[in-house]
Amino acid sequence: MKNRGHKIKFRGGKDANKMLMRKLASNFLLSGKMSTTKQKAKAAQSIVEKLVTKAKTHTEADQNFILRNITAQSTMKILITEIAPQLSQAKNGYTKIVNLGARQTDGAEKARLEWAYPVVSAVVKAKIKKVKQVKTEVIEKTEVKA
């Protein structure tokens, strides 16, 4: 007897759920980590795992699959050129979910989706560089005042 698959569903309807998953996957690929509810993290994890697997081979059919699930060509290029080569040694299990506990307001279970292996994209490098510049400017301003 074939067991039924249990698909995680959200309240928005089919189109809204599909767009939600696209946005979650795109945001995760750009930032490298994402905090959301546990259900959304589980659903986004399955999509991201499939996208990375397709990006490692990156044939034309795989690129079409990626574009159907991301919708931004710039994000697809980052996935294929920067993220997939860093994960080429791993066969699966590219992401992991870290439980953060219940949210204070409504008690929803929170979780963080992050890479299981160290992955750094150009977007993340630019953010880190910007933060370091701001920190050095703040330190310089405090030294001048003292």
Counting neighbours of [atom1] on [X] that are heavy atoms of other residues, nucleotides or ligands and sit closer than 6.0 Å, is the number greater than 12?
{"X": "D15", "atom1": "CG", "result": "no"}
{"X": "Q73", "atom1": "CD", "result": "no"}
{"X": "N92", "atom1": "CG", "result": "no"}

Within this structure, what is the [atom1]-[atom2] distance for the pair [X] and [Y], rounded to the nearest 0.5 Å?
{"X": "K33", "Y": "N27", "atom1": "NZ", "atom2": "CG", "value": "14.0 Å"}
{"X": "W115", "Y": "L87", "atom1": "CH2", "atom2": "CG", "value": "5.5 Å"}
{"X": "I80", "Y": "I66", "atom1": "CD1", "atom2": "CD1", "value": "4.5 Å"}

Test of understanding: clusters of I, L, V, M, F, W, Y form through side-chain heavy atoms closer than 4.5 Å, transitively. Do [X] and [Y] belong to the same one?
{"X": "V98", "Y": "L29", "answer": "no"}
{"X": "Y117", "Y": "L51", "answer": "yes"}
{"X": "L113", "Y": "F10", "answer": "yes"}
{"X": "I83", "Y": "L67", "answer": "yes"}
{"X": "L100", "Y": "F28", "answer": "no"}

I need the minimum non-hydrogen distance between Q63 and M76, along with the two atoms involved.
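Answer, listing the atom of Q63 first, then M76: O-SD, 3.7 Å.
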
A43 and M21: which non-hydrogen atoms are nearest, and at how many Å?
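Looks like CB-SD, 3.5 Å.
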
Side-chain touch K38/N99, heavy atoms, less than 4.5 angstrom:
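Heavy-atom side-chain distance check passes, below 4.5 Å.
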
Say whether, by atom type as modelled, one donor and one acceptor occur between the side chain of E114 and the main chain of G32 under 3.5 angstrom.
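No, the answer is negative, given that no donor and acceptor are paired below the 3.5 Å cut-off.
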
